[in-house]
Amino acid sequence: MAYWLMKSEPDEFSIDDLAAAPKQSTPWFGVRNYMARNYMRDHMRVGDGVLFYHSSCEVPGVYGLAEVSSTPYPDDSQFDKKSPYYDPKAKREEPRWMLVDVKLVKKTRVLSLEEMRTLPQLAEMVTLKRGNRLSITPVSAAEWKFITKHLK
DNA sequence: GCCAACGTTGGC
DNA sequence: GCCAACGTTGGC
């Protein structure tokens, strides 16, 4: 069992969009970074814990808990010429971008980035490291435990 | 809107 | 394989 933080811009897809989705689940499409892709393709397992994070918004931070709800499969948007995520170099026979489904566990109170930065228990979080921009980052078991407890 | 930091691209 | 130029992310 592993844990992850996954960023989404709420203007694009928010925690409420996830709550309103069929089965409260969504394919995590649009990731176009190899390291983030590799986390989904090679390391995520069904049931892994996910911190659902809003970025590029008024109050960036964790807005809820989710979980990985599928094994990896090709991101369809890479083949869709009308999608902003279209990748002309991707082929059906050789997909370049893989994703997993993410399912809502529960909305929580907001754990803002500002608050996260004040918590010594979270000082080593990958996503808080200077210069980190990755949309998917690993979360340690200790960090996960602390955050889920802290949000109760 | 700014800009620091980083990833990717492509010429050599 | 290097690395400058460029594009993107994301907090502020």
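Naming convention: chains lettered A, B, ... in sequence-line order (proteins, then strands); numbering from 1 in each chain.
With hydrogens and angles ignored, the 3.5 Å screen pairs a side-chain donor or acceptor of A:Gln24 with a backbone N or O of A:Ala19. Between the side chain of A:Gln78 and the backbone N or O of A:Ala90 there is no donor-acceptor pair closer than 3.5 Å.
For DNA chain B, the contact window with chain A, defined by any atom under 4.0 Å from a protein heavy atom, covers B:dA5 to B:dT8 in 5' to 3' order.
For A:Arg45, there are no salt bridge (Lys or Arg N to Asp or Glu O under 4.0 Å) partners at least two apart in sequence or on another chain. Contacts of A:Lys91 classified as salt bridge (Lys or Arg N to Asp or Glu O under 4.0 Å), with partners at least two apart in sequence or in another chain: none.
For the atom pair A:Trp4 CH2 and A:Thr137 OG1, the distance stands at 9.0 Å (nearest 0.5 Å).
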Does the pair A:His150 and A:Glu115 meet the rule for a side-chain contact (heavy atoms from CB on, under 4.5 Å), with working shown?
CA-CA 11 Å; A:His150 187 72; A:Glu115 183 181 353; 2.7 Å; yes

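A 6.0 Å sphere centred on NZ of A:Lys7 holds more than 12 heavy atoms belonging to other residues, nucleotides or ligands. Heavy atoms from other residues, nucleotides or ligands lying under 6.0 Å from CZ of A:Phe29 number 12 at most.
Side-chain contacts under 4.5 Å among hydrophobic residues (ILVMFWY), followed directly or transitively, place A:Leu65 together with A:Met1, A:Tyr3, A:Leu5, A:Leu51, A:Tyr53, A:Val62, A:Val105, A:Leu111, A:Leu113, A:Met116, A:Leu119, A:Leu122, A:Met125, A:Leu128, A:Val139, A:Trp144, A:Phe146, A:Ile147, A:Leu151.
Against DNA chain B, the stretch residues 119-133 of chain A makes heavy-atom approaches under 4.0 Å through A:Arg130, A:Gly131, A:Arg133. Listed by residue number, the members of residues 76-87 of chain A with any heavy atom below 4.0 angstrom from DNA chain C form an empty set.
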